[in-house]
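The structure under discussion appears below in the form of structure tokens.
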Amino acid sequence: MTDSYLPRAEYEFSEHPIGSEQVDPDPIVQFRIWFEKEARSGERDGNRMALATADDAGRPSVRMVLLKQFGTDGFLFFTDYGSRKAIELEQNRHAALLFHWPRLQRQVRIEGAVDRVSREISEHYFSLRPRTSQAGASVSRQSEPLLDRDRFESEVRNLGGGSEPIPCPESWGGYRLVAERFEFWQGQPGRTHNRIVYLPGGDGWQRSELQP
Ligand SMILES: Cc1cc2nc3c(=O)[nH]c(=O)nc-3n(C[C@H](O)[C@H](O)[C@H](O)COP(=O)(O)O)c2cc1C
């Protein structure tokens, strides 16, 4: 046994404690309040989130993706429909999202079921992406083995350098996660953190607190 452990960062816990009465009754509204505060904190990429999926044997996998929209209809992200995450989502629609906003000592966990968005939405978002990203997404068969990196790069360069519009690949598009559970975590000194959970109940959502 060794007494060498990685150090814990010393945070300043400056955010006020939250209780289930201080948060909005609607978890999407509460998410928007926190999301906007994170954006104002000067942190870039507050929309990055970990996406956890599991295959049909229940084996989990997780990776970062970017949130592109959210609202009552769900949390939208885009990816390759042939990727590992997509294959797992076809096997098992249940997934989890995790946001960590360390400056504000906050974490948001969202769980729910995922569906593909319409082709129209995928094509529309794809058309707004920079040409270099369009070229990369068109050439890449995400999560398949890369056998020849030089060839891959030159295909991306050739497509990106052309002038023809790059169509949205059939195998690329969006997913929307419709939330069935939210947890908002606010760090507090002395490990007295706040945890507010929202679950469907009554006509909307029921809130409760968990021990930290
Ligand atoms: C900050 C960050 C954002 C990312 N955003 C996306 C994204 O929006 N969509 C995507 O397909 N991959 C994104 N990636 C790459 C994924 O983490 C991952 O490598 C890729 O999707 C393949 O994952 P898979 O093999 O589990 O399907 C991002 C990576 C990072 C670090």
Side-chain angles (χ1 to χ4, degrees), residues 9 31-32 34-71 73-149 151-153 155-156 159-160 166-179 185:
F31 182 83
R32 190 175 300 283
W34 276 23
F35 187 81
E36 288 176 356
K37 175 132 190 194
E38 168 67 9
R40 285 196 305 274
S41 81
E43 200 62 66
R44 284 179 56 222
D45 298 337
N47 61 333
R48 58 187 158 205
M49 58 187 184
L51 164 70
T53 55
D55 65 15
D56 50 7
R59 280 180 296 247
S61 69
V62 64
R63 80 290 291 152
M64 302 302 290
V65 294
L66 294 178
L67 177 68
K68 287 292 158 186
Q69 246 177 27
F70 65 91
D73 55 350
F75 289 74
L76 174 68
F77 59 91
F78 290 91
T79 194
D80 188 318
Y81 287 147
S83 66
R84 178 177 175 189
K85 73 181 87 52
I87 290 167
E88 292 185 359
L89 287 171
E90 300 302 323
Q91 294 175 3
N92 173 1
R93 296 172 61 221
H94 298 279
L97 304 176
L98 175 70
F99 295 84
H100 180 212
W101 295 318
R103 267 205 205 183
L104 298 169
Q105 276 298 289
R106 286 176 174 172
Q107 161 178 260
V108 183
R109 298 165 61 174
I110 304 172
E111 290 151 38
V114 171
D115 281 310
R116 286 189 188 196
V117 300
S118 69
R119 184 78 192 138
E120 195 185 353
I121 291 175
S122 297
E123 285 179 354
H124 179 249
Y125 176 69
F126 189 84
S127 73
L128 303 175
R129 302 184 85 205
R131 191 173 171 90
T132 48
S133 307
Q134 291 178 336
S138 295
V139 173
S140 173
R141 302 282 165 269
Q142 192 178 58
S143 313
E144 288 188 14
L146 180 61
L147 303 177
D148 185 341
R149 176 141 197 113
R151 183 167 163 193
F152 171 77
E153 284 185 7
E155 282 180 28
V156 175
L159 188 58
I166 302 175
C168 177
E170 284 296 326
S171 64
W172 191 94
Y175 284 103
R176 224 188 273 280
L177 180 142
V178 177
W185 185 99

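Basis for what follows: all heavy atoms, side chains included, without hydrogens, waters or symmetry-related copies. In what follows, residues are counted from 1 in the order of the sequence shown. For ligands, and for the atoms within them, numbers begin at 1 and follow the listed sequence.
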Region of Phe78 that comes within reach of ligand 1 [heavy atoms, distance under 4.0 Å]: backbone
Distance from atom 14 (N) of ligand 1 to nearest protein heavy atom, with residue and atom: Met64 O, 3.2 Å
Under 4.0 Å to a heavy atom of Ser143 - the qualifying atoms of ligand 1, by number: 22 (C), 24 (P), 25 (O), 27 (O)
Spacing of CG belonging to Leu177 relative to CZ belonging to Phe77, to within rounding of 0.5 Å: 7.0 Å
Close-contact set for ligand 1 against Arg84 heavy atoms, below 4.0 Å: 24 (P), 25 (O), 26 (O), 27 (O)
Under 4.0 Å to a heavy atom of Ser83 - the qualifying atoms of ligand 1, by number: 27 (O)
Residue and atom name of the nearest protein heavy atom (relative to atom 8 (O) of ligand 1), distance in Å to one decimal: Leu66 N, 3.0 Å
Between CZ on residue Arg84 and OG on residue Ser143, distance to nearest 0.5 Å: 8.5 Å
For atom 21 (O) of ligand 1, the protein heavy atom that lies nearest, with its residue and separation: Lys85 NZ, 2.5 Å
Atom indices of ligand 1 within 4.0 angstrom of Thr79 heavy atoms, with elements: 10 (C), 11 (O)
For atom 20 (C) of ligand 1, the protein heavy atom that lies nearest, with its residue and separation: Gln142 NE2, 3.3 Å
Flag, side chain of Tyr81 to backbone of Gly174, donor-acceptor distance under 3.5 Å: yes
Euclidean distance, Trp172 CH2 relative to Arg119 CZ, rounded to 0.5 Å: 9.5 Å
Leu66 side, atom CG; Thr79 side, atom OG1 - distance, nearest 0.5 Å: 10.5 Å
Arg63, CZ: over 12 other non-hydrogen atoms inside 6.0 angstrom: yes
Candidate pair Arg116 and Glu90, rule side chain to side chain contact (heavy atoms under 4.5 Å, CB included), full reasoning: CA-CA 10 Å; Arg116 286 189 188 196; Glu90 300 302 323; 3.4 Å; yes
Ile87, Thr53, Val65, Asp80: member with heavy atom nearest to atom 5 (N) of ligand 1: Val65
Protein heavy-atom partner closest to atom 18 (C) of ligand 1 - residue, atom, separation in Å: Arg63 CG, 3.9 Å
Residue portion contacting ligand 1 (non-hydrogen atoms closer than 4.0 Å) for Lys68: neither
Arg176 CZ to Phe70 CZ distance, which is reported to the nearest 0.5 Å: 12.5 Å
